[in-house]
2 protein chains.
Amino acid sequence: MVLDVNHQAPREPKYYQVKRHLLQLIDTLAPGSLVPTERVLTVELETSRTTVRQALSELVGEGRLVRRQGSGTYVAEPKIAWPLHMTSFTEQAAAAGYSASTQLLDAVRERASEDIASRLGIKTGASVYCIERLRLVDDTPMAVETSYLSAARFAGLIGHVRKTSSLYRVLADVYGTAPVSAEETIETAVASPREADLLNTDTGAPMLVLGRHSFDDAGEPIEWVHSWYRGDRYVFVAKLSAGH
Amino acid sequence: MVLDVNHQAPREPKYYQVKRHLLQLIDTLAPGSLVPTERVLTVELETSRTTVRQALSELVGEGRLVRRQGSGTYVAEPKIAWPLHMTSFTEQAAAAGYSASTQLLDAVRERASEDIASRLGIKTGASVYCIERLRLVDDTPMAVETSYLSAARFAGLIGHVRKTSSLYRVLADVYGTAPVSAEETIETAVASPREADLLNTDTGAPMLVLGRHSFDDAGEPIEWVHSWYRGDRYVFVAKLSAGH
DNA sequence: CCTCTGAAATGGACTAGACAACTCTGATAG
DNA sequence: CTATCAGAGTTGTCTAGTCCATTTCAGAGG
């Protein structure tokens, strides 16, 4: 296969011209400023509202603009840096100067899908606890976190979780176990209506999904978690040193 | 502020019904299979082509479908796991069983923007080298990587980079320096026409952007890099242990 | 048998407009 | 003065279509 890197650049779509025009405009405005309405832009840039909306949508997805139905479109606040590989959510937030809290959305027992079962080292259809929590920072929803744990291994977990906010504390105090290693994954996704509602954003908005697969000292899987963050609001940060 | 988590769920948009219908269909098909055309779906699901395209676009963005103009829409291959925090790009790829290569796209000397200057610890407008490279895995474009380094500190760098593929080797062998710590950031973005062209995807496609800010043993900044990966093709993976 | 050509089918980009849902403001009634 | 409400203006969703760029493939011609 021959690589075709030097071929002609594709012609620029019209909505991209609109986008560049808006980017220039955004640079001159302070966060919170109102940008022209869709209909005004349609006339000014001599295009259709659909095209203007495509440009606006991308900028919203990138966290540069915020749309408020019935009100207007505004220049967004800069993204919030969020440390990766945190010991404890609450702890790390406090260190960064935020007040963090957690809200239990749902805690149910269900049958493991093939995917969940293989991750937890149990049989498909075995009982698992599914714990869904909303992470808040300064009372603003930050992430939707869903944890899966084996029901056989952590019998009665739901009752404990309802009383104590920290899952890791329950695991340590009640079940005498703690994760010593983990494999984390980071990928992009698109918000479903449910996540969009909980995180106060739009269906289809770009998300950052952080997955964590935790193991105990014996190498046995403890939990499988995935956390959905608004991609337009957060940027993950990790500090690395020497060794690698 | 009172949290309003239990209010009614928003009514499901029609395009999301289309999307769920397609997801069900995708689950029954093998990667590479053809899905019905946009016009067929429009009739079958009794909607407009615009609405069908919105659903298809999200699925393409999530890496579940691939569109080929003039041909059709196909079920996509699963995402590729890519290790984070790699020592050397080539090395790490080899370890994962891939053959990696790098193609130099551009290497120029330019004036530092305010942002770049502050990252490199130099004055705005000072000379910097901007080195743009395309990372390939098994001859498939994987990421567009742009590095910025101080031209004063690494005089003549471009000449060396044209001869040697590894930037870090040049830094070590010629300039006797190496990064010992770094701060990495991960965020979502949207592909510009240029990146879309280089990575063989579409303008506006969701991307994962990895930033790395490297420092030497004296704590002086060495380089600032950002790498753009196709969000629909890659998932970053990191292994963590105990103390982390 | 091979090559070329052109029609058909596909996705890509865009338009013009309708109606719904929501926000804000100013006029009005109490 | 305050509270309410109607209406104007905004974004959200959807429709029905046009035209373009690319791919595919069957058939004509060599």
Side-chain angles (χ1 to χ4, degrees), chain A residues 4 7-22 32-61 64-76 191 193 196-197 200-205, chain B residues 4 7-22 32-61 64-76 191 193 196-197 200-205:
Chain A
D4 184 16
H7 66 65
Q8 56 161 22
R11 140 187 128 71
E12 183 179 55
K14 193 162 182 179
Y15 81 86
Y16 208 83
Q17 295 174 26
V18 176
K19 186 176 170 183
R20 283 196 294 103
H21 174 268
L22 284 164
S33 306
L34 200 54
V35 300
T37 71
E38 297 177 353
R39 283 173 176 84
V40 168
L41 288 168
T42 299
V43 175
E44 273 183 3
L45 304 178
E46 293 177 333
T47 180
S48 71
R49 198 174 150 218
T50 310
T51 302
V52 168
R53 276 183 67 77
Q54 185 171 3
L56 288 171
S57 295
E58 286 197 3
L59 289 164
V60 168
R64 303 299 304 267
L65 293 176
V66 175
R67 286 203 271 221
R68 286 171 51 201
Q69 183 175 3
S71 175
T73 306
Y74 303 82
V75 176
D197 188 36
N200 197 27
T201 182
D202 305 312
T203 305
Chain B
D4 184 15
H7 67 64
Q8 57 163 19
R11 144 188 124 69
E12 183 179 57
K14 193 161 183 181
Y15 81 86
Y16 208 81
Q17 295 174 25
V18 177
K19 186 175 169 182
R20 283 196 294 102
H21 175 268
L22 284 164
S33 306
L34 200 55
V35 301
T37 70
E38 296 178 352
R39 287 170 176 88
V40 167
L41 287 168
T42 299
V43 175
E44 273 183 1
L45 303 178
E46 293 177 332
T47 180
S48 71
R49 199 172 150 218
T50 311
T51 302
V52 168
R53 276 182 66 79
Q54 185 170 3
L56 287 171
S57 295
E58 286 197 3
L59 290 165
V60 168
R64 303 300 304 266
L65 293 176
V66 175
R67 286 202 273 218
R68 285 171 52 199
Q69 184 174 8
S71 174
T73 306
Y74 303 83
V75 177
D197 187 36
N200 197 24
T201 183
D202 305 313
T203 304

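No experiment lies behind these values; they were computed from the predicted model shown. Chain letters run A, B, ... following the sequence lines, proteins first, then strands; residues in each count from 1.
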### Summary
dist B:T37:OG1 -> B:R49:CZ (nearest 0.5 Å) comes out at 9.0 Å
### Task
Mind calculating the distance between CD (A:Q17) and P (C:dA13) to the nearest angstrom?
13 Å
### Query
Roughly how far, to the nearest 0.5 Å, is CZ of A:R20 from CG of A:L59?
12.0 Å
### Message
Using whole Å, what does the distance between atom P of nucleotide D:dT15 and atom CD of B:Q54 come to?
### Response
11 Å
### Query
Atom CG of B:L34 and atom P of D:dT24: how far apart are they, to the nearest Å?
11 Å
### Query
Closer than 4.0 Å, any side-chain N/O of A:S71 to the OP1 or OP2 of D:dT10?
no
#### Entry: Nearest-nucleotide pick for B:R67, side chain only, options being D:dT23, C:dG11, C:dT23
C:dG11
### Message
Can you measure B:Y15 atom OH to D:dC14 atom P for me and round it to whole angstrom units?
### Response
8 Å
#### Entry: Atom of B:A76, atom of B:V66 and distance for their closest heavy-atom approach
CB-CG2, 3.6 Å
### Task
Write down the distance between CG (A:L56) and P (D:dG12), rounded to a whole number of angstrom.
9 Å
## Note on the structure
NE2 (A:H21) and CG (A:L41) are apart, to the nearest 0.5 Å, by 7.5 Å
### Query
To the nearest Å, how far apart are B:L41 CG and C:dT10 C1'?
13 Å
### Summary
Taken to the nearest whole Å, CD/A:Q69 to C1'/C:dA20 is 8 Å
### Message
Quick check on C:dT15: is either OP1 or OP2 less than 4.0 Å from any side-chain nitrogen or oxygen of A:K14?
### Response
yes
### Summary
Output for pair (A:L56 CG, A:E58 CD), nearest 0.5 Å, gives 10.5 Å
Could you list, one pair per line, each protein nitrogen or oxygen that sits under 3.5 Å from a nitrogen or oxygen of nucleotides 16-18 of chain D, together with the distance?
from: D:dA16; atom 1: N6; to: B:T50; atom 2: OG1; distance (Å): 3.3

### Interatomic spacing from CD in B:Q54 to NZ in B:K14 - rounded to 0.5 Å
12.5 Å
### Task
Could you tell me which non-hydrogen atom of B:L22 sits nearest to which non-hydrogen atom of B:A55, and how far apart they are?
CD1-CB, 4.4 Å
### Between D:dT22 (P) and B:Y74 (OH): distance, integer Å
17 Å
### Query
The side chain of B:E38 lies closest to which of these nucleotides: C:dG11, D:dC14, C:dT15?
C:dG11
### Query
Taking OP1 and OP2 of C:dG11, is either one under 4.0 Å from a side-chain nitrogen or oxygen of B:T73?
yes
